[in-house]
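Structure record follows, encoded as structure tokens.
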Amino acid sequence: MPELPEVETVRSGLAGVVTGRTVLAVHVLHPRPVRRHLPGPGDFEAALVGRTFAEPRRRGKFLWLPLDDGDALVAHLGMSGQFRSDSRDAPLQPNTRVLWDLDDGRQLRFVDQRMFGGVWLSAGGAVLPHEVAHIALDPFDPRFDPDAVAHRIVRRTAGVKRLILDQTLVSGIGNIYADESLWRARLHYDTPGSRLTVRRAAGLLRHAHDVMAASLGHGGTSFDRLYVDVNGSSGYHERSLDVYGREGLPCRRCGRGVVREAFANRSSYRCPSCQALPDTLARP
DNA sequence: ACGAGCTCCTGCTTGC
DNA sequence: TGCAAGCAGGAGCTCG
């Protein structure tokens, strides 16, 4: 589902669609995706009219579209959110939730099947919406400091996968790229942060950066297909993932069968031999 | 502060 | 055939 590379793909696509465009009208078709706009759907529809978008920005998996008056339209894609640019009279695809009529005759559409995502207006949020301020820098941010984050990781006792999924430590990583990063680093997801050296933790963060950069680099078209075909993980099988979704298939390094294990109400994939728990932590 | 578990939500897949 | 359960998971929340 959308993690940093996918959200960045959406951000750069949106840039060409909304930058410099003025909003003529807004239509909320389902209230849930605007639940974080506290004044309600009616206010959301009215508040944006007549305002002009600047170039979209991103931190981790959060997107925001700055407005020329210093506020921002914030968006999170959640599990299944998509932005589409369509002609205003084009038929709505299923699960279309919010429409923005733009001054070039196009219509921006927010589509979200599962509605974990949402859009809302953030007063004064053009530079950094306050709803995003608690999110850590992501590995693509030039100010991202892997050594500083590594030092925080090794002071924690939680499993390393939980830690790299903690968006207040490092943002942008989701379940898929967490598993891919751990596979590259040959780490078991339950290895406590405190069992890592700073060097090893920083190495894991570098792997996270690299695997997401590779996805962003080669993934544009397959991501588009994913967003068209949101409802399954089928899109991911098209991609060159090394471990995620490969239950029972041979590890690309050692040939052992990849296992899928329950982790925090979701799944973790790992190679049982490349990514074993350290002996001193082995469970009965 | 930290760690862990729960909840939201829809639609496809699986199993009886 | 029909229905229910399982599964996908980002992030905010609560509880200990």
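A, B, ... follow the sequence lines: proteins, then strands. Residue 1 opens every chain.
The rotation axes computed at either terminus of the helix from B:dC2-C:dG16 to B:dC16-C:dG2 lie 60° apart, taking five pairs at each end and rounding to 10 degrees.
Clustering of Ile, Leu, Val, Met, Phe, Trp and Tyr by side-chain heavy atoms under 4.5 Å joins A:L249 with none of the others.
Within 4.0 Å (heavy atoms only), A:R260 reaches sugar-phosphate atoms of the nucleic acid but no base atom. Among the heavy atoms of the strands lying under 4.0 Å from A:F62 are primed sugar atoms or P, OP1, OP2 only; no base atom is included.
Distance, A:E261 CD to C:dC7 P: 15 Å, rounded to whole Å. Protein atom CD1 of A:I176 is 11 Å distant from nucleotide atom P of C:dA8, rounded to whole Å. A:R156 has its CZ atom 4 Å from the P atom of B:dG3, to the nearest Å. Counting to the nearest Å, the C1' atom of C:dG12 and the CG atom of A:L38 are 14 Å from each other. In this structure, CH2 of A:W120 is placed 10 Å from P of C:dA11, rounded to the nearest angstrom. To the nearest angstrom, P of B:dA1 lies 13 Å from CG of A:L169. A straight line from CD1 of A:I135 to P of C:dA11 spans 6 Å, rounded to a whole angstrom. When the C1' atom of C:dG12 is taken as reference, atom CD of A:E131 falls 13 Å away, rounded to whole Å.
Judged by a 6.0 Å distance limit and a 45° cone about the ring axis, A:R36 is not positioned over the six-membered ring of A:F44.
Among residues two or more places apart in sequence or in another chain, the side chain to side chain donor-acceptor pair (under 3.5 Å) test is passed with A:E247 by A:R260. Every residue two or more places apart in sequence or in another chain that forms a side chain to side chain donor-acceptor pair (under 3.5 Å) with A:D103 is listed here: A:R21. Under the side chain to side chain donor-acceptor pair (under 3.5 Å) criterion, A:R51 pairs with A:D69, A:D71, sequence neighbours left out. With sequence neighbours excluded, the residues that form a side-chain contact (heavy atoms from CB on, under 4.5 Å) with A:A185 are A:L187, A:L204, A:H207. Applying the side chain to side chain donor-acceptor pair (under 3.5 Å) rule to A:Q167 yields no partners; only residues at least two apart in sequence or on another chain are considered.
The list of ring-ring contact (aromatic ring centres under 6.0 Å, His included) pairs with a residue in residues 137-165 of chain A, not counting sequence neighbours, reads A:F140-A:H209.
At the phosphate of C:dG12, OP1 or OP2 sits under 4.0 Å from a side-chain N or O atom of A:R36.
The 12-atom threshold is exceeded at CZ of A:R35, counting heavy atoms of other residues, nucleotides or ligands nearer than 6.0 Å.
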Exercise. Going 5' to 3' through nucleotides 4-10 of chain B, assign each nucleotide B (protein heavy atom under 4.0 Å from a base atom), S (under 4.0 Å only from sugar-phosphate atoms) or - (no protein heavy atom that close).
Key: SSBBBBB
